[in-house]
4 protein chains.
Amino acid sequence: MTAENDKPPRRRRKDTRPAEIIEAGLIEFALNGYAGTKLTHVATRAGISKGTIYHYFPDKDALFRQAFRTRFIDSLADVEEFPSIPDGPVAPILRMALRIAYDELAQSDALGLLKIMLVEGDRFPELAKACRDDLLVKVAEPLRMLIQRGIAQGELADGAYQTIPAILFAPGVVIALTASMAENTTDGPDVFDTVLDVLMMGILKRP
Amino acid sequence: MTAENDKPPRRRRKDTRPAEIIEAGLIEFALNGYAGTKLTHVATRAGISKGTIYHYFPDKDALFRQAFRTRFIDSLADVEEFPSIPDGPVAPILRMALRIAYDELAQSDALGLLKIMLVEGDRFPELAKACRDDLLVKVAEPLRMLIQRGIAQGELADGAYQTIPAILFAPGVVIALTASMAENTTDGPDVFDTVLDVLMMGILKRP
Amino acid sequence: MTAENDKPPRRRRKDTRPAEIIEAGLIEFALNGYAGTKLTHVATRAGISKGTIYHYFPDKDALFRQAFRTRFIDSLADVEEFPSIPDGPVAPILRMALRIAYDELAQSDALGLLKIMLVEGDRFPELAKACRDDLLVKVAEPLRMLIQRGIAQGELADGAYQTIPAILFAPGVVIALTASMAENTTDGPDVFDTVLDVLMMGILKRP
Amino acid sequence: MTAENDKPPRRRRKDTRPAEIIEAGLIEFALNGYAGTKLTHVATRAGISKGTIYHYFPDKDALFRQAFRTRFIDSLADVEEFPSIPDGPVAPILRMALRIAYDELAQSDALGLLKIMLVEGDRFPELAKACRDDLLVKVAEPLRMLIQRGIAQGELADGAYQTIPAILFAPGVVIALTASMAENTTDGPDVFDTVLDVLMMGILKRP
DNA sequence: GATGAATGAGCTTTCATTCAT
DNA sequence: AATGAATGAAAGCTCATTCAT
């Protein structure tokens with residue numbers, strides 16, 4: 001075995017380092033919360049040494065901010081094309097959108113970050129704001145457009161809910177958040193479907 | 001030595017101390033999360049010294065558990081009389097119940113504890129379980145009975161939602177949880193009312 | 001049940017309290033070492049409260065000193081009549097004396113105190129000195145007389161050992177000290193007998 | 001800022017640090033016992049900061065175990081060549097061996113560690129066992145062989161003592177242990193010589 | 001006198017951060 | 001640029017000691 005053998009390839013593009021650290025941080029933060037995350041673990045997961053983190057981020061706080069932003073920008077990127085949607089009934093599209101959003105949230109570590117923001121939100125007000133703004137612009141707005149089209153088509157009921165479409169996500173968020181607390185029931189997915197039933201029923205126009 | 005002694009008199013309050021410490025702990029935990037709560041701060045808030053906490057609680061963990069239990073037992077005590085409800089339409093009662101639950105959650109520091117359980121639930125599995133069990137027995141069960149009466153009366157739609165009535169709380173929980181993250185809009189209550197509209201619509205039987 | 005019933009008899013002769021505390025302290029010190037002994041445990045064992053100890057002893061240190069003295073004075077009280085010994089061979093008497101001393105040491109908590117003195121002797125120099133003096137006066141001196149009688153009778157060999165008769169105890173002390181470290185062999189007593197054999201052989205006059 | 005920086009330079013000595021810490025710990029443990037040893041003092045003695053200890057040892061317990069093992073392995077390493085001994089009378093060799101063992105014990109801080117093991121042996125049962133095992137294998141066994149040769153040669157008396165040769169060390173151990181308690185008499189060595197006289201007399205075969 | 005609640009100095013331990021290499 | 005040994009502030013916890021009752 002040569003001397004150069006037992007270390008991973010030294011050459012990394014300098015540009016990928018921050019992203020790798022953020023990725024590792026994301027996982028650790030999501031798993032252990034903010035205070036529970038040790039920079040050593042982040043470093044280990046990223047395959048670097050603790051000190052290197054400080055080359056790219058001034059401190060733990062900054063790493064978290066950056067990671068949080070990155071993840072939320074990533075997650076919401078897919079949503080943007082929403083409005084480009086064919087004519088026809090709006091309800092199935094809406095339902096699917098909620099479903100996709102739920103699945104996304106339940107699987108990714110966005111959930112972990114969200115939990116952190118809930119508890120430590122006061123420490124990161126700009127993140128909370130950015131989070132809010134992004135959600136409003138990228139999620140609520142397209143949703144509102146969709147809903148309004150549904151109302152215009154006589155498909156959806158006309159109601160105050162259209163002013164705060166984001167609330168349609170609420171049940172999904174709670175189910176995702178409490179999933180780890182809930183007993184391991186095998187009908188997890190069905191829970192959300194049941195909720196969707198109620199929600200859709202609630203907004204469909206009555207004959 | 002001046003007239004104002006710089007040390008407050010030692011008071012002996014064996015009976016009330018635990019409750020005072022729990023109260024102080026509750027506030028600190030709700031404000032700062034579990035890891036973020038320093039026993040010094042709890043002591044200061046309770047007007048005692050650090051060591052005194054250890055007279056009444058073996059460690060920080062135990063204090064949190066006790067505080068959590070105390071608060072949840074307190075909060076849920078009011079709910080118990082639910083089922084003793086007069087005949088007649090069920091929907092307004094349901095709506096009021098959700099409203100009351102929301103207000104309760106939004107105001108008390110139960111919200112802070114809930115946040116902690118979301119993030120650190122893994123560390124306190126028995127609390128998570130107790131929380132779940134209490135909610136199921138004290139909240140979900142009466143709710144289910146109410147709903148079933150509504151269905152029997154032809155008032156509510158027959159649907160899968162009756163099997164998981166707790167889900168009706170979800171929107172309220174999210175609104176409460178994210179309230180601190182949300183911009184301070186004065187129409188907070190209206191948001192929940194709007195949600196109630198949708199929810200009630202979703203479960204009312206269609207003509 | 002009357003009010004006076006659930007407490008042990010209140011009336012104690014004031015004079016017995018210190019002795020009771022010392023007794024309790026002795027046991028705890030012997031079991032747990034000096035630093036390892038908590039005054040709470042001493043109090044509990046003595047059936048009193050922590051504060052009461054401070055009525056009789058200024059501090060933990062003082063309690064230990066007093067306890068130590070008491071035990072050693074007690075233990076050595078029996079030894080004093082040693083010299084009043086009938087004429088005849090001295091060896092069996094010597095042997096029995098060593099045996100008795102060994103048994104005494106092995107059983108009582110004097111062993112525990114001795115261990116403490118070994119480790120913390122520097123903190124209690126007067127105790128070490130008192131211990132030494134007592135042993136010399138009460139044990140070594142009678143022993144020396146006995147030995148000299150043996151030599152005079154032509155029974156024991158004439159040797160330097162007569163100047164430091166205390167050394168005859170050494171093997172017993174080591175066996176007692178290490179008994180807790182040693183594997184639980186059932187032949188414990190025989191070990192000491194074997195040692196006695198060697199010792200006696202070593203001092204008996206050769207034909 | 002003056003020319004003498006008030007902080008010593010950080011040195012990086014990964015290889016030597018553990019040994020230095022152990023050395024410092026050894027001294028402190030020997031001086032103050034286990035509970036009496038503060039890691040701050042160990043750190044100060046080692047010329048490092050408190051935290052650095054935790055780079056190399058998970059906790060105080062581990063440091064003690066490691067230190068203990070290190071010292072005992074060191075101390076007993078020299079003894080191993082024992083059996084390779086020329087023909088001829090065995091008694092002088094035995095006597096010298098006991099003398100060497102005594103000197104070794106009396107000087108090194110092995111004595112301090114031994115004291116700790118006597119008092120806190122219950123907390124470190126594996127150390128007690130390792131200690132016992134090492135002593136048996138490395139010390140008692142060669143000694144037994146030597147003794148048996150002596151008996152075979154008609155030099156030593158045949159007696160039960162040969163089954164527990166370790167007991168020959170007992171007087172030396174007691175003398176060493178109590179040396180700190182004893183008055184600083186300058187004839188310390190002679191005490192042990194006197195004891196050796198008795199011991200050797202006791203095992204030499206009588207004509 | 002007796003009590004035990006209350007204290008706080010002091011200990012072990014953790015970990016973000018620094019910096020010599 | 002990268003490392004990880006070293007730091008030290010700060011946290012949880014212990015317990016001898018005090019003192020109001």
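Predicted model, so just to flag it, every value in this text is computed and none were measured. By convention in this document, chain letters (A, B, ...) are assigned in the order of the sequence lines, proteins followed by strands, and residues within each chain are numbered from 1.
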[N] OP1/OP2 closer than 4.0 Å to side-chain N/O of [X]:
X	N	answer
K60(C)	dA16(F)	yes
T52(D)	dA5(F)	no
R17(C)	dA2(E)	yes
Y54(C)	dT3(E)	no
S49(A)	dT3(F)	yes

Going by salt bridge (charged side-chain N to carboxylate O under 4.0 Å, His left out), name the residues that satisfy it together with D61(B), two or more places apart in sequence or in a different chain.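 D61(B) satisfies salt bridge (charged side-chain N to carboxylate O under 4.0 Å, His left out) with R65(B), R123(B) once adjacent residues are dropped.
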**With D122(B) via salt bridge (charged side-chain N to carboxylate O under 4.0 Å, His left out) - residues at least two apart** =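 Per chain and number, D122(B) pairs via salt bridge (charged side-chain N to carboxylate O under 4.0 Å, His left out) with no residue.
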Report task. Just jot down the ring pair (Phe, Tyr, Trp, His ring centres under 6.0 Å) partners of F124(C), sequence neighbours excluded, or say none. Result ->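 So F124(C) forms a ring pair (Phe, Tyr, Trp, His ring centres under 6.0 Å) with Y34(C), F64(C).
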Hey, which of these two, G51(D) or G51(C), hits DNA chain F nearer its 5' end, going by closest nucleotide?
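With G51(D) and G51(C) compared, the 5'-side residue is G51(D).
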Nearest whole angstrom, please: distance from the [atom2] of [N] to the [atom1] of [X].
X	N	atom1	atom2	result
I48(B)	dT7(E)	CD1	P	7 Å
H55(B)	dT18(F)	NE2	P	15 Å
E28(D)	dT12(E)	CD	C1'	16 Å
Y56(B)	dA6(E)	OH	C1'	8 Å
F64(A)	dA16(E)	CZ	C1'	17 Å
L63(C)	dC15(F)	CG	P	16 Å
I53(A)	dA1(F)	CD1	C1'	15 Å
E20(B)	dA5(E)	CD	P	14 Å

- Item | Helical stems, DNA chain E - three or more consecutive Watson-Crick or G-U wobble pairs below 3.5 Å |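 Consecutive-pair runs (3 or more) involving DNA chain E: E:2-21 with F:2-21.
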If we only count heavy atoms from C-beta on, is the I22(A) to Y56(A) side-chain gap below 4.5 Å?
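They are not in side-chain contact.
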Worksheet item: Is any side-chain N or O of K50(B) under 3.5 Å from a base N or O of dG10(E), one able to act as donor and the other as acceptor?
Response: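 For K50(B), whose side chain was compared with the base of dG10(E), there is a donor-acceptor pair (under 3.5 Å).
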Minimum heavy-atom distance R69(C)-A130(C), with the two atoms named =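 Shortest heavy-atom separation between R69(C) and A130(C) comes out as NH1-CB, 3.6 Å.
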Worksheet item: Can you name the residues that form a side chain to side chain contact (heavy atoms under 4.5 Å, CB included) with A62(B), not counting sequence neighbours?
Response: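 Residues passing side chain to side chain contact (heavy atoms under 4.5 Å, CB included) with A62(B): P58(B), D59(B).
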Checklist line | Listed once per pair and sorted, the salt bridge (Lys or Arg N to Asp or Glu O under 4.0 Å) pairs that draw on residues 44-55 of chain A, sequence neighbours left out | finding: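 Those involving residues 44-55 of chain A are E28(A)-R45(A).
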Item checked: Contact list for DNA chain E against residues 30-41 of chain D - heavy-atom distance below 4.0 Å ->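 Contacts with DNA chain E under 4.0 Å: T37(D), K38(D), L39(D).
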With sequence neighbours excluded, residues passing side chain to side chain donor-acceptor pair (under 3.5 Å) with T37(B)
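So T37(B) forms no side chain to side chain donor-acceptor pair (under 3.5 Å) with any residue.
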By side chain to side chain donor-acceptor pair (under 3.5 Å), which residues pair with S49(D), not counting sequence neighbours?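 So S49(D) forms a side chain to side chain donor-acceptor pair (under 3.5 Å) with T52(D).
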Exercise for the section: Answer yes when E126(A) and K129(A) have at least one side-chain N-carboxylate O distance shorter than 4.0 Å, and no when they do not. Expected result: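 Here E126(A) does not pair with K129(A) in a salt bridge, since their nearest N and O are not under 4.0 Å apart.
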